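These notes concern the structure reproduced below.
Predicted model only: the values in this text are computed from it and were never measured.
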Amino acid sequence: MLKIENLKVAVGNTEILKGLNLTVNKGEVHAIMGPNGSGKSTLSHVIAGKEGYEVTEGDISFRNESIVDKLPEEIAWAGVFLAFQYPMEIPGVNNVYMLREALNSQRRHREQKELNASEFLKFVKEKVKSVGLNEKLLSRPVNSGFSGGEKKRNEIFQMSVLEPELAILDETDSGLDIDALKDVAEGINKLRTSERAFIIVTHYQRLLDYIVPDYVHVLSNGRIAKTGDKNLALELEKRGYDWVGED
Amino acid sequence: MKQNFNRILLQSQSLGDSEPEWLKCKREEAIESINSIGFPTTRNEEWKYTPLDEIYQTELEIPVDADNVLSTDTLESASLVNEPNLFKIILINGKYSRELSDLEVTKSAPNVRPLEELIENEPEAAKFLFSSDPRETFSWLNTAMARDALLITCPENRTIQKPIHLLNIMTGKRNKLVSPRIIIEANANSKLTLIEEFVNLLPDKSLMNAATFINAKPGSLVNHHRISGSSSGYHVGNLHCKVSQDANIFTTSLAFGGNVTRININVRLEQPGASCNLSGLFLGVKDELIDHHTTIEHAASETNSNEVYKGVMGGKSKGVFNGKVLVEENIHHVKASQNSNNLLLSDVAEINTKPELEIYSDDVTCAHGATVGQLDADSTFYLRARGIPEKVAKRILVEAFLEEALSQLPVESVKTELMKIISKSNTL
Ligand SMILES: Nc1ncnc2c1ncn2[C@@H]1O[C@H](COP(=O)(O)OP(=O)(O)OP(=O)(O)O)[C@@H](O)[C@H]1O
Ligand SMILES: [Mg+2]
């Protein structure tokens, strides 16, 4: 589904990703771990089509089509969702309004019927319960004044509404209390199907207790330095990152 | 250079033959004042961003009765305000049209009287229409040239529920100078809402020089919104407000379109407890110049002012906001805050924003801030990553930026129109 080959990405004169390879098939869950500053968010942003990064070599293809030159909205329509490490606060833009616009843009693009305000609200009310987001937050401006945990839940809520094929969750578990962590994990597990894939960027093993990954990768210095199964996460938790790449 | 423009002052004298002596005097005085000071040019500090040369060089005409006709179709499509539940007052080329206005004679309606009627029935009240004389060229020009003037009064203790829509239309043939003049008297403890709209149906080089006077008597509440949004033409707006004890005035200016728009707003807080809220929104998408100069005078203790202006400039447009706050000597407990926030949508658009604080008292809490920025790239990306196309994402962000200034406006249709203008232009 997602195929990244020898991806090199620079910002200005600094090379951040230095020849990264990653293949994600449908139905799979990949965890990406790695030290601060190793390039995890950069990878997430580049997949999602953010401007400001230069792909100097290599390619990213999604469902056999290169997405390196695609616009962020086109990548979203193709079925990629990015849950941001730092969700933007957008004062003045109502959460539900934004999300309806997002869903309808996607539906328009796929030649499906758009949902009107009341249809959408009904649809959303069910989703909001399933991720444990306080319903009041729906009518507030996007993430504006939300607590850290509320922002993360909001990302998962948006994901559940947009029903992507590939979801990239950039540290969605950071800053969550235990209950929120469970809710978020549950939100993700509910969406797991044999057709959908997840890339979960995390620093902690604990999320992976709830969402068992098929693969665990260590991203270090702009490359995938090591790949293993869920046990690799346990080992990293014990030993840190220093030993990675030694053997 | 200003020969053509000066010639119009002569026309004024020939038109005023049947007017009462006092009015002729008033007009002559005004013309003398203009002649002694002259019309402002970009060499005057206060007018340095406002290019008026082109209009000064144009041969303008004063509208005659034959110009003051308008088909109902044109009338209906002229306004941006489409709400049904309004008192409608229509002025064509500055002249009140009783036939087109819709006031229903009920107790809850405002009291509306044009100049001619007052001259005939209440000569003293007629004089009142020309009694205020701000010492400023375009206000004098209005005094000299206004063919009509309208007195709108809200009686003591009365609340006028429905907003009053004052639609000013400039129409006819050839280039015109039109001078609407409106005097609003909000008597003690009264409440009213006004939407003053200015529409130009003439070609580029016409000038609408409007003067509006609002007198908010003790305890009154006046909500005033002014909309100037024609596709072309020159617009000078002069708004003078006096606010008495415990009275409150909200005034919003919405300006977009046109060639050159210059709006001068002056609010004087005359007695303790008087307060004002000024908000403004200006929007450029082509090569418009939109200039707001506001002055708030705190002339008494316990007075409050609050001002928020927002500009969105795209294309090659230029926006100007100059906000003067004057606090007089020996007064206490004064609060003044001013914010000017601006968004540039293109590399060549310009914003000039300047606070001008003249404070001669120690007992003042004063805050001001100004920002000029672009749409936030991270916010745009966030929305696009959710599948919202770039243009729509930007429109949503501009809408959000404007929301604060628009939230006061009682007419939804105007907001929708504004966003259409932004969407249709190529600025996003
Ligand atoms: N726009 C940018 N300009 C300059 N350097 C950047 C930019 N974006 C990222 N970097 C640098 O690239 C490196 C990787 O950053 P990135 O955010 O991808 O790390 P990360 O793995 O997500 O880290 P963390 O675990 O702290 O979230 C860092 O050294 C960062 O400073
Ligand atoms: Mg990161």
B:Asp376 CG to A:Glu89 CD distance, which is reported to the nearest 0.5 Å: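 Here the rounded value is 11.5 Å.
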CD-CZ distance between A:Gln158 and B:Arg386, expressed to the nearest 0.5 angstrom: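 It is 4.5 Å, given to the nearest 0.5 Å.
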From CA spacing to verdict: side-chain contact (heavy atoms from CB on, under 4.5 Å), B:Glu390, A:Leu71: CA-CA 9 Å; B:Glu390 182 178 13; A:Leu71 302 173; 5.6 Å; no
Leading residue by heavy atom contact count with chain B [cutoff under 4.5 Å; candidates A:His109, A:Gln106, A:Met98, A:Arg108]: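 That would be A:Met98.
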Winner by heavy-atom pair count (cut-off under 4.5 Å) against chain B, out of A:Ala76, A:Gly52, A:Pro72, A:Gly92: A:Pro72
Per-residue contact mode, A:Ile90 against chain B (heavy atom under 4.5 angstrom):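 The answer is the side chain of A:Ile90.
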Part of A:Pro87 lying under 4.5 Å from any heavy atom of chain B: both
Lys/Arg N to Asp/Glu carboxylate O, A:Glu74 vs B:Arg384, below 4.0 Å: no
A:Glu73/B:Lys391 salt bridge by N-O under 4.0 Å criterion: no
Heavy-atom side-chain proximity of B:Pro389 to A:Trp77 below 4.5 angstrom: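 Yes, their side chains come closer than 4.5 Å.
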Side-chain heavy-atom pair B:Asp378, A:Tyr86 within 4.5 angstrom cut-off: no
If you count heavy atoms of other groups shown closer than 6.0 angstrom to [atom1] of [X], is the number above 12?
X: A:Glu114; atom1: CD; value: yes
X: B:Asp347; atom1: CG; value: no
X: B:His368; atom1: NE2; value: no
X: A:Lys3; atom1: NZ; value: no
X: B:Lys316; atom1: NZ; value: no
X: B:Lys286; atom1: NZ; value: no
X: A:Lys190; atom1: NZ; value: yes

Test of ring centre spacing under 6.0 Å for B:Phe381 and A:Phe84: yes
Derivation of the side-chain contact (heavy atoms from CB on, under 4.5 Å) call for B:Tyr382 and A:Lys50: CA-CA 9 Å; B:Tyr382 187 81; A:Lys50 190 173 183 182; over 6 Å; no
Region of B:Ile396 that comes under 4.5 Å of a non-hydrogen atom in chain A: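 For B:Ile396, heavy atoms of backbone and side chain both lie under 4.5 Å from chain A.
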Where A:Ser105 and B:Gly387 come nearest, the two heavy atoms and their spacing: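 Minimum heavy-atom contact is CB-O, 3.0 Å.
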B:Ser379 versus A:Met88, closest heavy-atom pair with distance: OG-CE, 3.6 Å
